[in-house]
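First listed ligand is number 1; within each ligand, the first listed atom is number 1. Start at 1 with the first residue, then count along the sequence.
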Amino acid sequence: MNYTPEDKAKWDRLIHMIEETLENSAQRPFFDMFIKPLKLYAVSSDTLYISGDNSFNLTHMKQRYGTMLYSMVPVVFGRRYELEYYPESDIARIVDKQTPAQLNEKYTFENFIVGPSNNLAYATSLAVAQTPGDAYNPLFIYGGVGLGKTHLINAIGNYIKRENPRMHVLLMTSEAMTNALIEGIAHKNTSALRSKLRGVDVLMVDDVQFLSKTKTTQEEFFHTFNSLHDNHKQIIIASDRPPRELPEIEERLRSRFEWGLTVDIQKPDYETRVAILRQKAEEMGIDVPEDVIDYIAQSVNSNIRELEGCLTNLNAHAELLDQPIFLELARTALAGRIGAQATRAVTAELIIEVVARQYNLTSEDLTGKKRSQDIALPRQVAMYLCRSMTALSTNAIGRAFGGRDHTTVLHGCDKVSEAMESDFAFKKKVEELKGFVENN
Ligand code: ADP
Ligand code: MG
């Protein structure tokens, strides 16, 4: 937390006004003793944090002048603030502790497992943490849910705070960001957010895909971004998709997201999953045999949060049954999560069923004769998945789709591949469907 130069100027004016008020009164000596030593330490959204010489003087000051100060603040600041006073020796400790710790300390570089799926994101994050504002600005990290974006940006923040305790690192969810932007807009030309962020050295916005779509908020964010960037403040953005696939975000803002470096995180490969499971088991203090680790790593490939979920679940079962963790227990305990997947083979019928369900259609719709666009596309997606997930020939796939010709199947698959190349959101959708099939 901090204050802006405007805040400081207002504060000085306030003190000066008080001095003038007391000038020719018998109280003049008290001004030097009680008021003059007061210093503005920080301004939050609703409170001025003020330091004084010592708590004895502060207590007296509040009794004598507290009400007066409180009522004069709106005259100078144009709005009401709560006032909090602390001795100079304590204020940093007290106030800085009050600011909610947005950073999650448990996410560090040390406990981030690196593999081919995330090594680029890891390396660039580390570079940014080592030279904030310098290396890549902004750093834009994207990747699917549960793949470690939030972990990485927290690791950057924690690293910077550890190496440069004076640096002000602010992590905001895009929801908090939206709220702050709206507050800024409500203050019209005062650009509240820009002022508020002036003291920030590193700004991180998580899940930027949820940033409000309204023009005014985005405009405000645009200015905020520029003012930070111009001042070489590090900006880090996490998103579930790359900038160009954020259709709701204004073009000029989107292009700025690409000014620095854009890196993605992919799904972890098998070895990385094993390494992550081992580490998480150790962190959780539970003993998981290798064959169980292997079983989970083989069965779950969607994301890392899911891997963790399996361990937690397994551990709960073991404790409940008062048993050690072993393979059979894992199979039973995790049956609901991954069991079905292990037993149900991927067939054309399964794919058709899953795709139909996801598009709110029936299997018959997909295998039937209708050619309307809302059916044709899901049908082609299902064909594509059959081609990429099973060993079936195009002829066999054609048969599974109500006796269609193999060229129809080929054509459908090509269309889907092309669309996946050019449309990231669509590609994600297809990958998601694939995941549903795998986990069914
Ligand atoms: P996202 O923000 O991308 O949805 P998170 O950062 O919240 O994903 O990660 C989900 C969980 O997986 C967290 O508990 C995180 O610690 C863990 N995790 C993700 N990637 C890794 C990794 N490479 N090494 C260790 N843990 C990881
Ligand atoms: Mg996240």
Under 4.0 angstrom from ligand 1, any heavy atom of [X]?
X    : result
A275 : no
V114 : no
G143 : no
K280 : yes

Is [X] close enough and on-axis enough to [Y], meaning under 6.0 Å and within 45°, for cation-pi?
X    : Y    : answer
K429 : Y359 : yes
R331 : Y295 : yes
R162 : Y159 : yes

[atom1]/[X] to [atom2]/[Y] distance, rounded to the nearest 0.5 angstrom?
X    : Y    : atom1 : atom2 : value
K149 : I141 : NZ    : CD1   : 9.5 Å
K10  : E6   : NZ    : CD    : 7.0 Å
Y122 : I265 : OH    : CD1   : 12.5 Å

Nearest neighbour in protein (non-hydrogen) for [atom]:
atom                    : value
atom 14 (O) of ligand 1 : E308 OE2, 2.8 Å
atom 23 (N) of ligand 1 : I113 O, 2.7 Å
atom 6 (O) of ligand 1  : H151 N, 2.7 Å
atom 4 (O) of ligand 1  : G146 N, 2.7 Å
atom 19 (C) of ligand 1 : G148 CA, 3.4 Å
atom 2 (O) of ligand 1  : T150 OG1, 2.7 Å
atom 25 (C) of ligand 1 : N111 O, 3.4 Å
atom 7 (O) of ligand 1  : R305 NH2, 2.8 Å

Which ligand 1 atoms, with their elements, are less than 4.0 angstrom from a heavy-atom of [X]?
X    : value
G144 : 3 (O)
V145 : 4 (O)
F112 : 20 (N), 21 (C), 22 (C), 23 (N), 24 (N)

(message) Working note: F257 + F140, criterion ring pair (Phe, Tyr, Trp, His ring centres under 6.0 Å); need CA distance, chi angles, decisive distance, verdict.
(response) CA-CA 7 Å; F257 287 171; F140 192 103; 5.6 Å; yes
(message) I'd like to know if K415 pairs up with E418 as an ion pair, taking the criterion as any Lys NZ or Arg NE/NH1/NH2 lying under 4.0 Å from an Asp or Glu carboxylate oxygen.
(response) no
(message) Strictly below 4.0 Å, N to O, side chains only: are E219 and R252 in salt-bridge contact?
(response) yes
Hey, can you pull the donor-acceptor pairs under 3.5 Å for the side chains in residues 234-243, sequence neighbours left out?
from, atom 1, to, atom 2, distance (Å)
Q234, OE1, G133, N, 2.6
Q234, NE2, Y136, O, 2.8
Q234, NE2, N137, OD1, 3.4
S239, OG, R241, N, 3.0
S239, OG, R241, O, 2.6

(message) Quick test of your reading of the structure: of I304, N118, N303, whose heavy atom lies closest to atom 12 (O) of ligand 1?
(response) I304
